[in-house]
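Structure first, then comments.
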Amino acid sequence: MIKLVLEHIFKEAKVSSVQLNVFDVNDKAKACYESIGFIERSVEEGVFEYKNEKWGRRNMVISQKQFISPYVLWE
């Protein structure tokens with residue numbers, strides 16, 4: 001599903017890159033995004049606070065050049 005969304009964004013919307021943030025404790029989400037081609041750009045610790053817990057975030061990015069869709073060959 002994520003690959004289809006990226007394909008649409010890069011092909012139809014003509015966006016050059018996509019970025020997202022993942023909580024630093026969510027290693028499964030990080031691994032999922034990395035498997036698609038996202039790379040970690042930065043980590044900020046303790047930026048979110050909830051019920052006396054502080055969570056960090058990882059900023060991840062993928063460019064159109066890094067993304068290879070298995071579904072469509074682009075022109």
Side-chain angles (χ1 to χ4, degrees):
M1 181 65 92
I2 297 168
K3 288 180 181 180
L4 289 172
V5 170
L6 289 173
E7 181 180 307
H8 176 76
I9 289 170
F10 290 137
K11 185 177 179 191
E12 303 297 328
K14 311 250 189 269
V15 172
S16 61
S17 65
V18 173
Q19 68 174 327
L20 54 84
N21 290 302
V22 176
F23 286 119
D24 63 349
V25 295
N26 195 342
D27 293 328
K28 289 184 180 183
K30 180 182 182 267
C32 174
Y33 291 123
E34 285 176 334
S35 74
I36 295 166
F38 279 85
I39 58 169
E40 188 175 284
R41 186 163 60 174
S42 64
V43 177
E44 295 179 82
E45 295 185 19
V47 293
F48 293 102
E49 188 170 345
Y50 179 72
K51 293 188 177 182
N52 297 324
E53 291 183 10
K54 287 191 176 183
W55 297 349
R57 69 175 169 209
R58 303 170 196 256
N59 180 263
M60 302 183 79
V61 64
I62 187 170
S63 70
Q64 183 177 2
K65 291 179 182 179
Q66 292 168 308
F67 177 70
I68 300 172
S69 171
Y71 306 108
V72 174
L73 295 176
W74 294 345
E75 301 170 358

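Note that the structure is predicted; figures quoted are calculated from it, not measured.
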Hydrophobic cluster membership, V61 vs I36, 4.5 Å side-chain cutoff
no
Please table the atom pairs, donor to acceptor, closer than 3.5 Å between any side-chain atom in residues 38-45 and protein atoms at least two apart or in another chain.
| residue | atom | partner | partner atom | Å |
| --- | --- | --- | --- | --- |
| E40 | OE1 | R58 | NH1 | 3.0 |
| R41 | NE | N59 | OD1 | 2.9 |
| R41 | NH2 | Q19 | OE1 | 2.3 |
| R41 | NH2 | N59 | OD1 | 3.0 |
| E44 | OE2 | R57 | NE | 2.9 |
| E44 | OE2 | R57 | NH2 | 2.9 |

Tightest non-hydrogen contact, residues D24 and D27, listed as O-OD1, 3.8 Å
Is it possible for you to say whether Y50 and V25 belong to one hydrophobic cluster, with membership spreading through side-chain heavy-atom contacts below 4.5 Å?
no
Taking side chain as C-beta onward, heavy atoms only, is N26 less than 4.5 Å from Y33?
no
Of all the heavy-atom pairs spanning A29 and V22, show the shortest one and how long it is.
CB-CG1, 3.8 Å
Do the ring planes of F23 and F48 sit parallel (below 30°), tilted (30 to 60°) or perpendicular (above 60°)?
perpendicular
OG on S16 to CD1 on I9, rounded to 0.5 Å
11.5 Å
